[in-house]
Amino acid sequence: MTDFPGSPDSAARERDAAESASAFAHPAVAPDRTAAYGDHPDQVVDFYAPRDGRTGAPLVVLLHGGAWRSPYDRAHVSPLADFLARRGFAVANVEYRRGGDDIPRQRAGAEPGAGSTGPVAGRWPETFDDVAAALDAMPALASRELPGADVRRIVVSGHSAGGHLALWAAARHVLPEGSPWRLPAPPSLRGVVALAPIADFATAVGLGVCGGAVTQLLGGEAGSALGGDAGAVLGGDAGSALGGDAGSALGGDAVAVERAAHADPGVLLPTGIATAIVHGVEDIVVPPAVSEAYVDAAARSGETVGLTLLGGVGHFPLIDPSADACAVVAEELAQLAW
């Protein structure tokens, strides 16, 4: 696995800043249609029709990133949605509920403002409720809003935290018994293309990805996120499901460990769904070691996951239509969709 320094040097930080500025410089692209999959204002999908007017186009379901935090919404990947539509795909850009200033901790009884200086990552269980509901509703919604889309050929894709959600959406049939999001059979997907995904929670927590976002998502104690003496493996079913590394990484936190068994793609394997990951070698936001850990876990489960590592590329070119990396993303989607 790739070694990643704990403190990126100034050149790496400058590269990341430049790539981020480029990706976020594109103006938002208005969708062709927008439809709701629920009553909450965030339960909406923006649809982009293939720009060449073709019918029978495969549908890319796109899940945006942003560490599951509210300041980042689907608008920042609308240029990517438009880029893919110009490549002949139908695209569904999904919004979902994310964490905000009103829930800095997700443990029952926590007071707003306690233990956090900014928006918390994710809403438990609403973030997962929404992704599950959006995917369940997608064939009917897309058939109505984009008649030219072929809903028999759906590929789910997502970037960063959205890459996590894409992998999770394809693994709902292997969720623990009793999970409210569990499907009785594999979802009808052609595959998943995850872009720099937060794919393995133990590795992500160990590397401090996105300022402790994984631990926040799971409602764990932020102070114990990196373990230490507190990082003893939690016993019981949840601890066993996650294994020693994840239990230690989450600091032996009972809430976080139990929830991770329902949310960590790295333990929801094998899926039987064709899966490809694209990751930049120079990524300092979600280091490639996170994806490599997922690929290794898949291999141990008997499943092969494709991993494309792009040299000289960081976190944001994968969603930047002006970057060469975006063309690689489109090709990976095409290989699964057509």
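Position 1 is the first residue of the sequence, and the numbers go up from there. In what follows, every heavy atom counts, from backbone to side chain, and hydrogens, waters and symmetry copies are set aside.
Heavy atoms only, all atoms of each residue included: Cys210 and Ile198 are closest at SG-CD1, 4.4 Å. The heavy-atom pair separating Ala121 from Ala213 by the smallest distance is CB-O, 3.4 Å. The two residues Ala35 and Leu141 have their closest heavy-atom pair at CB-CD2, 4.0 Å. Shown here for Val174 and Pro270, the closest heavy-atom pair between the two residues is CG1-O, 3.5 Å. Of all the heavy atoms in Ala327 and Arg87, the pair that sits closest is CB-NH2, 3.7 Å. Taking every heavy atom of both residues into account, Ala170 and Ile273 meet most closely at O-CG1, 3.6 Å.
Judged purely by atom type and a 3.5 angstrom limit, Asp46 has no side-chain atom pairing as donor or acceptor with the backbone of Thr34. For the pair Glu19 (side chain) and Gly314 (backbone), a donor-acceptor distance under 3.5 Å is present. Put simply, the side chain of Arg123 gets close to the backbone of Arg98: a donor and an acceptor are under 3.5 Å apart. One N or O on the side chain of Ser78 and one on the backbone of Val29 form a donor-acceptor pair closer than 3.5 Å. Judged purely by atom type and a 3.5 angstrom limit, Arg54 has no side-chain atom pairing as donor or acceptor with the backbone of Gly148.
Residues Pro58 and Val155 have side chains not in contact (no heavy-atom distance under 4.5 Å, counting atoms from C-beta outward). The shortest side-chain heavy-atom distance between Leu175 and Leu183 does not fall under the 4.5 Å cut-off. Counting heavy atoms from C-beta on, the side chains of Leu310 and Val328 come closer than 4.5 Å. With contacts defined as side-chain heavy-atom distances shorter than 4.5 Å, the pair Pro197/Ser160 does not qualify. Contact annotation: the side chain of Leu318 approaches that of Val278 to within less than 4.5 Å [non-hydrogen atoms, C-beta and beyond]. Within the 4.5 Å cutoff, no side-chain heavy atoms of Val255 are placed close to those of Leu218. A 4.5 Å side-chain heavy-atom check between Asp324 and Pro317 finds every atom pair outside the cut-off. In this structure, the side chains of Val205 and Val209 stay at 4.5 Å or more apart for every pair of heavy atoms.
A side-chain donor from one of His64 and Glu95 sits under 3.5 Å from a side-chain acceptor of the other. A donor-acceptor pair shorter than 3.5 Å can be found between the side chains of His26 and Asp320.
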Would Leu307 and Ser291 count as a side-chain contact (heavy atoms from CB on, under 4.5 Å) here? Give the steps. CA-CA 8 Å; Leu307 175 60; Ser291 284; 4.2 Å; yes
Trace of the salt bridge (charged side-chain N to carboxylate O under 4.0 Å, His left out) decision for Arg51 with Asp82: CA-CA 8 Å; Arg51 299 309 186 213; Asp82 177 66; 3.0 Å; yes
Can you check side-chain contact (heavy atoms from CB on, under 4.5 Å) on Val192 and Leu167, steps first, answer last? CA-CA 7 Å; Val192 178; Leu167 294 170; 4.0 Å; yes
For Arg152 and Arg190, run side-chain contact (heavy atoms from CB on, under 4.5 Å): C-alpha distance rounded to whole Å, both residues' side-chain angles, the deciding distance at 0.1 Å, then the answer. CA-CA 8 Å; Arg152 299 167 301 176; Arg190 291 295 294 265; over 6 Å; no
Before you tell me yes or no, could you show the steps for Tyr96 and Phe128 under ring pair (Phe, Tyr, Trp, His ring centres under 6.0 Å), namely the whole-Å CA-CA distance, both residues' side-chain angles and the distance that decides it to 0.1 Å? CA-CA 9 Å; Tyr96 53 89; Phe128 296 92; 9.4 Å; no
Test side-chain contact (heavy atoms from CB on, under 4.5 Å) on Leu268 and His262; report intermediate values, then the result. CA-CA 8 Å; Leu268 299 174; His262 297 257; over 6 Å; no
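Here Leu269 contributes atom CG and Thr275 contributes atom OG1; the two are 8.5 Å apart, rounded to the nearest 0.5 Å. Taking CG of Asp129 as the start and NE2 of His40 as the end, the distance is 11.5 Å to the nearest 0.5 Å. Interatomic distance, CG of Asp150 versus CH2 of Trp338, reported as 10.5 Å (0.5 Å rounding). In this structure, Asp42 CG and Ser70 OG are separated by 9.0 Å, a value rounded to the nearest 0.5 Å. Note that CG of Leu207 is 12.5 Å distant from CD1 of Ile284, once rounded to the nearest 0.5 Å.
Qualifying side chain to side chain contact (heavy atoms under 4.5 Å, CB included) partners for Ala149, counting only residues two or more places apart in sequence or in other chains: Ala90, Leu146.
The six-membered or imidazole ring of His164 lies near that of Phe201, with a centre-to-centre distance under 6.0 Å. The distance between the ring centers of Phe89 and Tyr48 does not fall below 6.0 angstrom. Separation of the His315 and His159 ring centroids falls under the 6.0 Å cut-off.
Listed by first and then second residue, the side-chain hydrogen bond (donor to acceptor under 3.5 Å, both in side chains) pairs that reach into residues 130-145 are Arg33-Glu145, Gln43-Asp130, Arg97-Asp130, Asp136-Arg172, sequence neighbours excluded. For residues 297-309, the set of pairs meeting the side-chain hydrogen bond (donor to acceptor under 3.5 Å, both in side chains) definition, not counting sequence neighbours, comprises Thr271-Glu303, Thr308-Glu332.
No salt bridge links Asp9 with Arg13; every basic N to acidic carboxylate O contact stays at or beyond 4.0 Å.
By the criterion of side-chain heavy atoms lying less than 4.5 angstrom apart, applied directly or through intervening Ile, Leu, Val, Met, Phe, Trp or Tyr residues, Val91 is not grouped with Val44; the two fall into different hydrophobic clusters. Grouping the Ile, Leu, Val, Met, Phe, Trp and Tyr side chains by contacts below 4.5 angstrom, directly or via other members, places Tyr72 apart from Leu80.
Partner of Trp168 under the ring pair (Phe, Tyr, Trp, His ring centres under 6.0 Å) criterion, out of Trp181, Trp68, Tyr294: Trp181 alone.
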